[in-house]
Every structure is written in structure tokens, then in C-alpha cells.
Protein chains: 2
Amino acid sequence: MGAIRGARERARAEITAAIKEEAARQLGTHGPAGLSLRAVARELGMASSALYRYFPSRDDLLTALIIDAYDAVGAAAEHELAMLDRRQPAAQPVERWVAVCRAARDWAVGHPQEYALIYGSPVPGYSAPQDTVGPASRVGLALVSVVRDAHTAGLLGEPAGRPLAGPVRADAGRLAAELAPELPIRVIAALVAAWAQVFGIVSFEVFGQFNRVVEARSEFFEQAAVALAAQVGLRTDGGARDGAIAAGASAGSAGRGAGGVLPAK
Amino acid sequence: MGAIRGARERARAEITAAIKEEAARQLGTHGPAGLSLRAVARELGMASSALYRYFPSRDDLLTALIIDAYDAVGAAAEHELAMLDRRQPAAQPVERWVAVCRAARDWAVGHPQEYALIYGSPVPGYSAPQDTVGPASRVGLALVSVVRDAHTAGLLGEPAGRPLAGPVRADAGRLAAELAPELPIRVIAALVAAWAQVFGIVSFEVFGQFNRVVEARSEFFEQAAVALAAQVGLRTDGGARDGAIAAGASAGSAGRGAGGVLPAK
DNA sequence: CCAAAAGCAAGAGCACCGCTCTCTATTTTT
DNA sequence: AAAAATAGAGAGCGGTGCTCTTGCTTTTGG
């Protein structure tokens, strides 16, 4: 945080960064399993044992990369949202929602290995150290903020779905108290579901489950993101049909014409 | 396939099975990265080199396990559906849909490592050998069959969401031709999305993303599965409101009373 | 200012890994 | 019964994560 004190600390910071950089590079080419401390050290021209001064174990290096990845995708989402708001200050909630989703997806397809690291199978022992929970929630919080803004702007309708089962209601209530007390409980529940579902689609794309199934990935994703926004209760038009099911805008969805869902990319 | 011919072939089959069994055991305790051919051989009391008579490489062993896992979850889904139909021949399409989803989830939480193997990050080199695509699609096909049955029974409404973008329509059309020509294209698209979204929720649960977020996992999942069924167009009651948005049953959802979504487990 | 303390880099070494090669024993086929 | 195919064992190669010991440099404190 503070200013760098001596040459030693500066060197330490630089070398730590270089190690992470090279490790990330190897991660991109050989995958998480192929990340080798020795190879990193070799590439950096240092003895493998020296690397342990910076990361006490391979898992710690991986954890650092995990945190970086969470931060990267979180920052991408926040940045994309900020850009949209600057470009188009009166953007519809649905557009803002889709912007966040698309940012996450774009980052994922651009960094598949890093994505796999954080949203794929947890690594060997793995215990999800506490340091990861903050960065890990940034995308989710961005989604929450979009919905919250829509709510304060009066652009939030009823979420789809049946009334909540008791325990689900309890979870959602606890979450609501934590991060958005003004939002209806059902919206919170729908939001969490949508959050998981967005990443379900991204994971299927990145992990190859869509091979030979879905080819128009970005359009497909966009379509699903819009549907999920509706599911959460974000209105696609800021008008009538109060309290009605927001998802039900399909009938008269002149929307944006010509097949397009939202202005792509 | 055919009868076992000699003692040698029988032994080979048995040993192959034993290797896979032990490998699966190790997979469950140490994770995919911790699967060691030497350890498997050691546990089986044979030389590590002898193991290569059965699996030419570690990746081939993993591939075998992957196929087994796909088959296991697929069989679980099909079995659960068959059981429901036997127990309750007039089951609602939504119930059948949820049964398939729940079977997949139950298998996943019961076999997290095997689940990670097939729905988590792809393994090192990995090329998704052709042998996996058949088993891999069983759960998806089960979902398709549920929707198709609902359609022939006249219990399929309009799926939620806007009209499809062109390329998405093309993908869905191709898929429809392959596996369910009678279904509306939009239903196919919604189905694929729902398929990915179901596994998104399962993955978030199994991979720990729901830690400290969702505690009532099975109820939450059930809720989401029902919502996804509606999204696809499965009616929750076999009656009125033709062509209307099926998801819109929320208003008067007396449903099944007392917070419960569907008869659990 | 210089000695003590602390941090850093390197090398050797341990136990393990996937995998190959060679050699022998056994079974199947001809 | 001879020949061919198959199964197992062992040694060995290059790689891995990680530890320990040994020197060296920077920082610190009297």
C-alpha cells in the first residue's frame, strides 16, 4: 500500500509480479495442471528453490493467480458497466445487466484457462482461502448493483417464478440484509439463480460443452442474458403492465427490430 | 459384447475394471490432479509398467473415467425419469423435467470429483475424444424427451423470451432437425439455454461458489429447475391460458401449497 | 561506521510422477 | 509341439514439488 521503502522491497515486488506473470503465461498455454514451478523459475533464470522465497508452495502461487483472475473478471464487468453508463447515461436496466454479463463472458472466452481456474473444478486440495471471497464476489455485486439501480429508478417488476420455499426465502432474506435490503426477497433469490445460470452458459461455452451444439455463441449468450434479466424482474421497456410478469414482454416485443437482441458487442 | 472367450480375456476385463475402480476411488479422495498411475498400480499390487497394458496413458484412463461418469449421470437421469413414470404415470411435464434435473444434481453432489471431471475444467491437453459425445449427451437428451413428450401431449406452451436472433435460430433449427423436428425452434433454443443453466447451478453448488451464499441447496435448485421448466414452455397446470407465457403462473400459483415447490426428493 | 540480523539465491537431494524399454513367463493360436 | 501373441516385472529417463544447507547481500541497530 504505502510507498516502497527500499531497493529490496521494490525488487521483491517486481520479482513477485514477474513470477505471477510468467505463471499466468504458462497457465494460458499448458493449463492449470501444467503449471510447473521449476519451469517458471527456469524461464525467469533463477533456481527453482529461490522461487519458494516468494510463494511458499505451488498452491499459493495458484491462489494468487486465482485472486488475480477474480479481480480481472470483476474489473472487466465493472469497467464495462461504467463505460456503458458514460456512453449512454439513460441505458435501460436490461442493457446494463447484459453489459455486465457480456463483460464476464468476453473475459472468459478471452482467458479460458484463468476462467477455468476460478469457475472450473476446484484445484487439488483447495480450501478457498478467505482472501478470495472478496474478489470472487465482484461480478455478482455488479449484477446486484444493476438490479438495485433499477429498483430505485422504479424499473423493477416482479421476478418470474413461484413463491419461494421456506429455506430459500431464509437464504435470500439473509443475503438481502447483507447487500441490498431494499430489494424484494424474491428478486434476490432470482438474482442468485440468474448469477449461477449466466456462468453456467459461459462455462458450457468455454469448457466445450457447446461444441457441435451452439455455434453462434455470443448471440446465444446475449439472448439468454436478456431472458435472465427478465427473470430477475428487469423491465425491457420502462412502461405499463405494473406488477405483471416482466418476462411476459415477449408478445409485443418489437424491441430493437430485425432479429437483433441488443446492440451486439 | 459377446461371450467371454478365454481365461485371458476374462482376466483382462476384470483387471481393467479393477483399475478403473481403484482410479475412481483415488479420484474421489485426491481429485483428478492427484490420480497417479503408480499409486493405482501399487494399490492393485502390480508393477506400474504393467498398467500400461490396459491403458496406454494416464489421459486414456481419465478418458475412460470421463465416459463412465457421463454414463453414470445419464443413467441416473434416465432411471429417475423412468421411476417417476412408473410411480406416477400421469406426472406433469414440469415434474418430469424437475425429476431429470434433480437426478443430475443428486448425482453431482454425490460424486463431486467425477462431476468435476466432466463438467469442470477440461483436463490438461484434452481433446474430447469422439467416444465421449454419446454418453455426454444423455442428460440433455433426457430433457429433450421430457419436452417432446409434453409437446405430443399438448402440454407445451410458448417459451419465454424474445424472438430469436438469426444465428441462434439457425443453430436451434439444426438441432431441431437432429433431435426433435416436431418441436418449435424457440423451444429448442430455450431448452439448450436451460440445459446449460441447470448445470450452472449444479456447478456453483458443487464447486463451492454457493458457500456462504446459498445454504438450502436442494430447495434452491428445485425452485430454479421449476422456473427453467417454465422458461422452456412446460406448463405447470394442464389448462387454460393457451399460448400465454407459461412462466406467468406466479399470480395465482396456489400450486401445491405451503411454500413447497414440488414434492421434494 | 561497522557488526549483527535478516533476507535472498543457489545447489544438492529426496520422494514421487508418467512413460519407455527390455526381459521373462504364460497363454493362445497354428 | 512350435510359433505367435500377450501379460507382468524391473530398471531407468527426465520431469515434478519441496526441503535443507551453504554462501552472499542488504538492511538494521548500537
Side-chain angles (χ1 to χ4, degrees), chain A residues 2-20 22-27 29-66 117 122-127, chain B residues 2-20 22-27 29-66 117 123-127 129:
Chain A
I4 293 175
R5 307 210 322 179
R8 190 151 232 174
E9 293 197 23
R10 182 197 310 261
R12 182 171 184 88
E14 275 177 14
I15 294 182
T16 304
I19 292 173
K20 285 206 293 187
E22 175 59 27
R25 219 183 53 76
Q26 289 200 14
L27 197 97
T29 62
H30 305 84
L35 196 166
S36 150
L37 288 196
R38 290 181 116 112
V40 171
R42 208 179 303 128
E43 207 68 23
L44 263 52
M46 63 198 298
S48 67
S49 55
L51 219 146
Y52 285 81
R53 297 269 170 198
Y54 298 89
F55 295 94
S57 84
R58 179 179 179 275
D59 280 7
D60 290 271
L61 213 194
L62 269 179
T63 298
L65 294 179
I66 287 173
L117 204 57
V123 266
Y126 191 69
S127 57
Chain B
I4 293 174
R5 308 211 321 181
R8 192 153 232 173
E9 294 197 22
R10 182 195 311 259
R12 182 170 184 88
E14 276 176 14
I15 294 182
T16 304
I19 291 173
K20 285 206 292 186
E22 174 61 27
R25 218 182 53 75
Q26 288 200 16
L27 197 98
T29 61
H30 304 86
L35 196 165
S36 150
L37 288 196
R38 291 182 114 112
V40 171
R42 208 180 304 131
E43 209 67 22
L44 264 52
M46 63 198 299
S48 67
S49 56
L51 218 145
Y52 285 81
R53 299 273 175 201
Y54 299 88
F55 295 94
S57 83
R58 180 178 179 277
D59 279 7
D60 289 272
L61 213 195
L62 269 179
T63 299
L65 294 179
I66 287 172
L117 204 55
V123 265
Y126 192 69
S127 56

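Below, chain A is the first sequence line, B the second, and so on; all start at residue 1.
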Check every atom of dA11(D), dG17(D), dG15(D) against the side chain of S49(B) and return the nucleotide holding the closest atom. dA11(D)
Atom NZ of K20(A) and atom CG of L61(A): how far apart are they, to the nearest 0.5 Å? 9.0 Å
What about R38(B), does its side chain sit under 3.5 Å from the base of dG18(C) through a donor-acceptor pair? yes
What nucleic acid atoms does L35(A) come within less than 4.0 Å of, heavy atoms only: base, sugar-phosphate, or nothing? sugar-phosphate
Interatomic distance, M46(A) CE vs dC8(C) P [rounded to whole Å]: 10 Å
Would you indicate what I15(A) reaches in the nucleic acid, counting non-hydrogen atoms under 4.0 angstrom: base, sugar-phosphate, or nothing? sugar-phosphate
In Å, rounded to the nearest 0.5 Å, how long is the span from CG of L51(A) to OG1 of T16(A)? 9.5 Å
Note: for Y54(A) and A39(B) on DNA chain C, the residue whose nearest nucleotide lies more 5' is Y54(A)
Is the closest basic N to carboxylate O distance between R12(B) and E9(B) below 4.0 Å? no
Whole Å only: how far is the CG atom of L51(B) from the C1' atom of dT20(C)? 14 Å
F55(B) CZ to dG18(C) C1', in whole Å, measures 16 Å
Euclidean distance, atom CD of residue Q26(A) to atom P of dT16(D) [Å, nearest integer]: 9 Å
Is there a side-chain polar atom (N or O) of S48(B) under 4.0 Å from OP1 or OP2 of dG18(C)? no
How long is the line joining CD of E9(B) and C1' of dA5(D), in whole Å? 12 Å
Rounding to an integer number of Å, can you tell me how far R42(B) CZ sits from dA15(C) P? 13 Å
So does R53(A) reach the base of dG7(C) with its side chain, donor to acceptor, closer than 3.5 Å? no
Heavy-atom distance under 4.5 Å between the side chains of T63(A) and F55(A), does that happen here? no
How long is the line joining CG of L37(A) and C1' of dC18(D), in whole Å? 9 Å
Which heavy atom in S48(B) sits nearest to a heavy atom in R38(B), and how many Å separate them? CB-CG, 3.9 Å
Taking atom types as they are modelled, is there a donor-acceptor pair under 3.5 Å from the base of dG18(C) to the side chain of R58(B)? no
Candidate nucleotides dG17(D), dA10(C), dC21(C), ranked by approach to the side chain of Y52(A) - the nearest: dG17(D)
Go through the N and O atoms of the side chain of R8(B) and the base of dT6(D), and report whether any donor-acceptor pair is under 3.5 Å. yes
Please report the distance, rounded to the nearest Å, between CD in E14(A) and P in dG7(C). 20 Å
